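The structure under discussion appears below in the form of structure tokens.
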Amino acid sequence: MLPVIYSEEFLDHKTGKYHPENPERLKAIVNALKEATFAEKIVWRSPTPASEKPLLMSFLVQAHTPNYIKKLWEIASSGGGYLDGDTPVSPRSYDVALLAVSAWLDGVDAVLATANPAFVLARPPGHHAESDAGMGFCLFSNAAIAAFYALEQPGINRVAVLDWDVHHGNGTQAIVETNAQIAYCSLHQYPCYPGTGKATERGFHNNVLNLPIPPGSDITVYQPLWENKVVPFLANFQPDLLIVSAGYDANADDPLASINLQPEDYALFTEYCLGLTRKIIFGLEGGYDFSTLSQSVLATIERCLF
């Protein structure tokens with residue numbers, strides 16, 4: 001059995017009919033999961049309301065400045081607006097973003113309770129959100145906040161964040177790279193938005209591994225990087241918990257990048273992760289072609305189940 005943490009409230013972050021990061025992404029994934037051959041092995045869980053997580057804000061402010069949190073609340077409360085040209089805020093976006101954070105924290109709890117994987121099916125995504133600015137469709141830095149939260153749990157001394165989204169998680173890296181208890185590893189197209197993630201960026205404690213990948217690459221480029229770079233880096237760090245920023249926009253059919261992966265490739269990525277630990281939280285980031293997005297999530301979850 002595998003928990004999938006999801007709420008229809010995540011659909012209430014309205015970005016506009018033609019915005020790539022829209023509610024239809026989650027609808028497509030939910031429909032595919034409910035029709036999957038392994039549907040009976042999925043346990044659907046609702047995230048804990050943010051109001052019932054009294055410590056949520058204390059972890060939020062480890063990642064984000066009070067001024068930024070207030071700004072996001074004010075934009076939403078005034079009827080909506082934009083953080084930048086790519087990042088809309090609707091009236092419920094602040095509340096939905098808090099619920100997404102809560103879902104990621106619930107993912108930590110679920111994994112630590114069972115020592116088995118969980119999937120957080122939430123939006124808005126988070127890995128581009130910096131401490132004082134949302135950007136790139138992202139409002140709060142979900143993965144970084146989850147890492148801070150995990151480090152407060154018994155028996156958790158080291159947390160690794162693996163980001164396989166096609167875009168570099170500039171926000172996650174900037175927030176966690178000063179913390180020696182957190183490692184960050186990213187495989188991402190370069191050059192590409194947001195222009196960060198050079199191989200020379202190693203973090204403050206040699207705790208960052210960036211693997212820039214040229215446009216047009218496919219699994220034949222990725223697989224050696226996993227085996228020779230990603231797995232050794234994470235194994236050497238020996239994390240007590242692995243958080244995966246699971247973006248699926250490196251698929252060949254995705255409209256926002258130029259990498260040529262296939263949905264089944266994410267099953268291989270998942271297998272590499274499971275070879276390191278079964279204590280894995282997968283949390284949705286990007287992925288904008290509904291079909292390959294859905295099939296890639298299925299590939300990830302199916303590999304965890306069998």
Side-chain angles (χ1 to χ4, degrees), residues 1-11 23-49 99-123 125 142-143 146 149-150 153 156 159-165 219 226 231 234 239-251 261-287 289-306:
M1 306 298 284
L2 185 139
V4 172
I5 302 166
Y6 171 74
S7 169
E8 288 193 354
E9 286 191 61
F10 295 138
L11 308 179
E24 299 302 316
R25 301 174 64 232
L26 294 196
K27 291 181 183 179
I29 297 169
V30 169
N31 289 338
L33 287 173
K34 289 184 174 179
E35 295 173 1
T37 57
F38 52 84
E40 74 283 355
K41 295 182 180 294
I42 293 173
V43 180
W44 293 90
R45 295 188 182 176
S46 297
T48 305
L99 187 65
V101 171
S102 183
W104 283 66
L105 302 192
D106 285 346
V108 173
D109 292 338
V111 171
L112 296 185
T114 64
N116 279 303
F119 199 103
V120 182
L121 186 54
R123 57 182 290 274
N142 302 315
Y149 174 76
Q153 308 312 307
I156 305 299
V159 176
V161 179
L162 170 63
D163 191 333
W164 70 41
D165 189 281
I219 191 62
W226 273 90
V231 171
L234 295 175
D240 301 305
L241 180 72
L242 177 61
I243 297 172
V244 177
S245 275
Y248 297 97
D249 38 8
N251 272 304
L261 293 180
Q262 302 298 322
E264 58 267 23
D265 296 331
Y266 291 98
L268 179 61
F269 295 177
T270 304
E271 189 171 306
Y272 285 127
C273 292
L274 292 168
L276 293 162
T277 179
R278 288 195 62 84
K279 295 181 180 178
I280 309 173
I281 304 144
F282 297 92
L284 185 67
E285 296 282 2
D289 175 78
F290 297 159
S291 177
T292 53
L293 168 62
S294 302
Q295 293 306 309
S296 299
V297 173
L298 262 63
T300 299
I301 291 177
E302 186 173 24
R303 188 51 59 97
C304 291
L305 289 169
F306 298 103

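All residue numbers in this chain count up from 1 along the given sequence. Note that these values count all heavy atoms, side chains included, but never hydrogens, waters or copies made by symmetry. In this text the structure is predicted, and so the values were computed from the model without any measurement.
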S245-D165 side chain donor-acceptor pair, cut-off 3.5 Å: no
Any donor-acceptor N/O pair, N31 side chain to A28 backbone, under 3.5 Å: no
Closest non-hydrogen atom pair, L298 against A32: CD1-CB, 3.7 Å
Exam field: side chain S102 to backbone T48, donor-acceptor pair closer than 3.5 Å: yes
4.5 Å side-chain heavy-atom contact, P47 and V120: no
Rounded distance [0.5 Å steps], OG1 in T292 versus CG in L261: 10.5 Å
Reference residue F282; test side-chain contact (heavy atoms from CB on, under 4.5 Å); the match among V297, I301, T270: T270
Exercise: identify the closest heavy-atom pair between V244 and C273: CG2-SG, 4.3 Å
Criterion side chain to side chain contact (heavy atoms under 4.5 Å, CB included) on V231 and L276, from CA distance to verdict: CA-CA 8 Å; V231 171; L276 293 162; 4.2 Å; yes
More than 12 heavy atoms of other groups within 6.0 Å of E8 CD: no
Nearest heavy atoms of P125 and N142, plus distance in Å: C-ND2, 3.7 Å
Distance, nearest 0.5 Å, that separates CH2 of W164 from CG of L162: 6.5 Å
W104 vs I243, side chain to side chain contact (heavy atoms under 4.5 Å, CB included): CA-CA, chis, key distance, verdict: CA-CA 10 Å; W104 283 66; I243 297 172; 3.8 Å; yes
Inter-residue atom distance L242.CG - R278.CZ, 0.5 Å rounding: 12.5 Å
Interatomic distance, I281 atom CD1 to L105 atom CG [nearest 0.5 angstrom]: 9.0 Å
Steps toward side chain to side chain contact (heavy atoms under 4.5 Å, CB included) verdict (Q262, I219): CA-CA 8 Å; Q262 302 298 322; I219 191 62; over 6 Å; no
Spatial distance of atom CD1 (I29) from atom CG (L293) [nearest 0.5 Å]: 4.0 Å
Ring-ring centroid check Y272 F269, cutoff 6.0 Å: no
Candidate pair N251 and Y266, rule side chain to side chain contact (heavy atoms under 4.5 Å, CB included), full reasoning: CA-CA 10 Å; N251 272 304; Y266 291 98; 3.6 Å; yes
A299 versus P263, closest heavy-atom pair with distance: CB-O, 3.5 Å
Geometric class of the Y6/W44 ring pair [parallel <30°, tilted 30-60°, perpendicular >60°]: perpendicular
Minimal non-hydrogen separation, L241 against A150, with atom names: CD2-CB, 3.5 Å
Non-hydrogen atoms of E285 and R25 that approach each other most closely: O-NH2, 2.8 Å
F306 CZ to K41 NZ distance, which is reported to the nearest 0.5 Å: 5.0 Å
Heavy-atom side-chain proximity of L121 to L26 below 4.5 angstrom: yes
